[in-house]
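So the structure is just underneath, and the comments pick up after that.
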Amino acid sequence: MQQDILQKFLADKKIVAVVCNQWGDTGKGKLVDLLSSWANIIIRGTGGANAGHTILVNDQEHIFHLIPSGILHDSQGKINILGRGVAFDPKIVIDELDLLAESNISVKNLKISHQAPLMLPYHLLIDRMSDMKAKVGTTGRGIGPLYADFISRQSLFVNDIFDRVNFKSKLENFLANKKDILAQLDKDLAKQILLHPHLGAGIFFDEQNILSVDKIVEKYSEYALRLKDFVINLELFLQQAKKEQKNILLEGAQGALLSIDYGTTKFQTASDCTLAGLAKGCGLREREVDYVFGIAKAFYMTRVGNGPFPSELGAKQSEDYCASGHSKEEEKEKYAVKLPDLLKADDFSQGIAFRLMGREYGATTGRPRRTGWLDLVALKYAMQFNGQNLSLTKIDVLTGLEKIKLCVKYKYTGPEIFYAGSVLKTNQEIAYFIPDSDILYHCQPIYQEFSGWTEDLTKIDDYQTLPQAVKTLVEFIENYTGGQIDLISVGPDREQTIIKI
Ligand code: IMP
């Protein structure tokens with residue numbers, strides 16, 4: 001990789017962001033790792049423990065959910081921050097700190113915004129018990145209920161756990177407002193869910209009220225002791241960092257098509273995962289960001305959880321199959337040896353082959369990710385919010401395929417419906433993205449076909465050396481979206497990166 005080109009390119013930049021233009025899981029972790037050598041400060045600003053990234057600690061893979069992957073660079077003085085927009089789950093952060101301590105990884109430069117909304121056991125309980133979990137396919141990490149409380153001004157914040165008396169009184173008030181919701185829960189099921197280690201292993205359960213305020217206060221006061229030294233006033237900290245001309249890297253979570261503002265309705269996460277949401281969650285303005293690495297996986301894409309995905313291989317069959325709890329191990333054992341056969345079979349089987357080839361299983365839930373061809377209509381839409389600079393990842397995954405398909409339009413197959421000032425007619429072709437899930441579920445992909453390639457891409461380190469078939473695809477994507485592809489990842493390693501900037 002031409003690291004020096006990247007460093008030169010970043011030389012006049014001070015704030016750089018990494019965001020995803022799809023439904024998440026596009027390889028942000030690798031880019032953040034790559035950019036850690038440039039950054040002095042790495043901040044997460046959105047999402048919570050619904051995200052997951054694999055960190056190699058002493059040659060062993062661990063999945064982290066909240067502590068940024070840049071923590072491995074802590075001993076070099078890199079500052080990692082959990083920003084004000086992060087759904088802060090103290091239990092998960094402490095578990096991750098324990099793991100890092102066991103492995104002698106330094107965390108002395110980790111910081112936590114005092115203003116981050118605080119995850120409480122009832123958020124996790126409500127997320128896991130509500131039927132939204134099944135309908136949306138949430139990760140069960142309390143994200144929706146916590147951000148809902150934030151918007152309705154019913155949220156506690158990290159800062160609150162440091163004053164026991166105040167914490168208790170706020171908690172009592174907020175729980176009183178939830179009395180009706182809690183009263184409707186099935187007590188036995190709630191008790192069972194509260195036995196989960198992430199929900200206190202049973203200590204928070206109260207026979208009468210479902211949740212015991214005293215036990216929550218006691219436990220969160222213990223958390224406070226452990227976390228005290230990490231907490232900062234992020235806004236003041238950043239004022240100083242900007243004055244000192246520090247290099248700041250903003251690490252996005254999830255992706256634009258899952259954003260609460262712009263994502264496919266109902267099947268969204270609860271924070272704004274676009275650039276604007278990320279900047280805000282980091283305590284910055286969007287216009288302060290000097291450059292955005294807007295990632296898209298190519299030449300396929302994935303989605304975890306439910307919701308429309310027009311170019312999904314195997315359509316509804318795949319969505320139902322992926323929602324019904326097949327494990328990675330089971331799928332690997334059953335299908336891996338038959339990869340070439342799968343690729344030649346029906347769409348659903350091809351989807352399984354893509355999953356195995358790209359190792360597409362959820363980091364947080366282990367669920368198989370739904371797979372399909374790259375949808376350029378959706379990509380162009382997402383780039384409206386994340387900007388025109390694209391980074392393509394995983395382009396080596398589909399090596400060996402005879403044909404590559406890109407979705408360039410949709411055919412609307414639903415009943416006539418009023419949408420955005422006009423009527424969509426059955427069988428009408430549409431060249432723009434419709435985030436309304438009820439409509440998008442009726443959009444069938446229209447593809448343009450391209451030749452595949454057989455050459456190994458994983459050792460190529462400059463754009464010109466890529467096979468012509470790949471370059472044709474790259475140029476087509478640029479022309480279609482009006483964007484510019486600046487970086488291409490040809491494998492999981494830092495070195496396996498082509499810089500085109
Ligand atoms: P929640 O964020 O747990 O509420 O889940 C809402 C939707 O976002 C579900 O479809 C999840 O599968 C999806 N989701 C949440 N986090 C991620 C992620 O990190 N990658 C991909 N999908 C995610």
Side-chain angles (χ1 to χ4, degrees), residues 18-29 32 44-54 63-69 85-89 92 117 119 123-151 198 251-274 277-278 281 295-297 301-309 312 318-320 322-325 355 358-372 378 382 393-394 435 437 440-441:
V18 175
V19 286
C20 160
N21 281 310
Q22 295 169 335
W23 281 292
D25 311 312
T26 39
K28 286 182 287 284
V32 170
R44 264 196 68 180
T46 48
N50 49 352
H53 45 265
T54 308
I63 301 206
F64 280 65
H65 300 287
L66 275 165
I67 294 193
S69 33
V86 169
F88 184 84
D89 187 328
I92 291 197
M119 186 65 69
H123 298 125
L124 294 151
L125 186 64
I126 293 167
D127 194 14
R128 285 170 199 211
M129 290 194 76
S130 94
D131 62 343
M132 287 304 281
K133 177 160 169 41
K135 277 192 200 139
V136 177
T138 76
T139 59
R141 298 304 177 107
I143 305 299
L146 173 54
Y147 284 121
D149 274 356
F150 174 74
I151 294 295
H198 276 157
E251 177 179 348
Q254 287 86 40
L257 301 179
L258 280 175
S259 160
I260 191 67
D261 291 79
Y262 307 108
T264 48
T265 53
K266 291 186 280 194
F267 305 99
Q268 295 145 290
T269 189
S271 59
D272 176 15
C273 346
T274 66
L278 173 62
I295 311 184
K297 197 142 59 179
M301 64 196 288
T302 59
R303 175 165 202 164
V304 197
N306 302 331
F309 178 179
E312 179 169 16
S318 164
E319 180 174 3
D320 291 346
C322 289
S324 59
R355 186 153 54 245
R359 294 182 299 281
E360 298 291 356
Y361 299 88
T364 299
T365 57
R367 290 179 286 182
R369 295 180 184 144
R370 301 157 61 194
T371 53
T393 56
K394 291 196 140 181
S437 291
L440 195 60
Y441 259 124

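Worth knowing before you read on, the calculation uses all heavy atoms, side chains too, and leaves out hydrogens, waters and symmetry mates. First listed ligand is number 1; within each ligand, the first listed atom is number 1.
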- [ ] Please assess T264 against R303 for the test side chain to side chain donor-acceptor pair (under 3.5 Å), listing each intermediate value before the final yes or no.
- [x] CA-CA 12 Å; T264 48; R303 175 165 202 164; 3.1 Å; yes

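- Remark: R369 engages D25 in a salt bridge, criterion side-chain N to carboxylate O under 4.0 Å.
- No more than 12 heavy atoms of other residues, nucleotides or ligands lie within 6.0 Å of CZ in F150, so this atom counts as exposed by the packing criterion.
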Which pairs of nitrogen or oxygen atoms, taken one from ligand 1 and one from the protein, are under 3.5 angstrom apart?
from: ligand 1; atom 1: 2 (O); to: N50; atom 2: ND2; distance (Å): 2.9
from: ligand 1; atom 1: 2 (O); to: T269; atom 2: OG1; distance (Å): 2.6
from: ligand 1; atom 1: 3 (O); to: T139; atom 2: N; distance (Å): 2.8
from: ligand 1; atom 1: 3 (O); to: T139; atom 2: OG1; distance (Å): 2.6
from: ligand 1; atom 1: 10 (O); to: V136; atom 2: O; distance (Å): 3.4
from: ligand 1; atom 1: 10 (O); to: V304; atom 2: O; distance (Å): 3.2
from: ligand 1; atom 1: 12 (O); to: G137; atom 2: O; distance (Å): 3.3
from: ligand 1; atom 1: 12 (O); to: V304; atom 2: O; distance (Å): 3.0
from: ligand 1; atom 1: 12 (O); to: R367; atom 2: NH2; distance (Å): 3.1
from: ligand 1; atom 1: 16 (N); to: Q254; atom 2: NE2; distance (Å): 3.1
from: ligand 1; atom 1: 19 (O); to: Q254; atom 2: NE2; distance (Å): 3.3
from: ligand 1; atom 1: 20 (N); to: D25; atom 2: OD1; distance (Å): 3.2
from: ligand 1; atom 1: 20 (N); to: D25; atom 2: OD2; distance (Å): 3.2

TODO: Give the C-alpha distance, both sets of side-chain angles, the deciding distance and a yes or no for side chain to side chain contact (heavy atoms under 4.5 Å, CB included) between T46 and T269.
DONE: CA-CA 10 Å; T46 48; T269 189; over 6 Å; no

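- Side-chain contact between T138 and I143 is absent, with no heavy atoms from C-beta onward closer than 4.5 Å.
- Screening H65, Q254, R141 for a side-chain hydrogen bond (donor to acceptor under 3.5 Å, both in side chains) with N50, the sole residue that qualifies is Q254.
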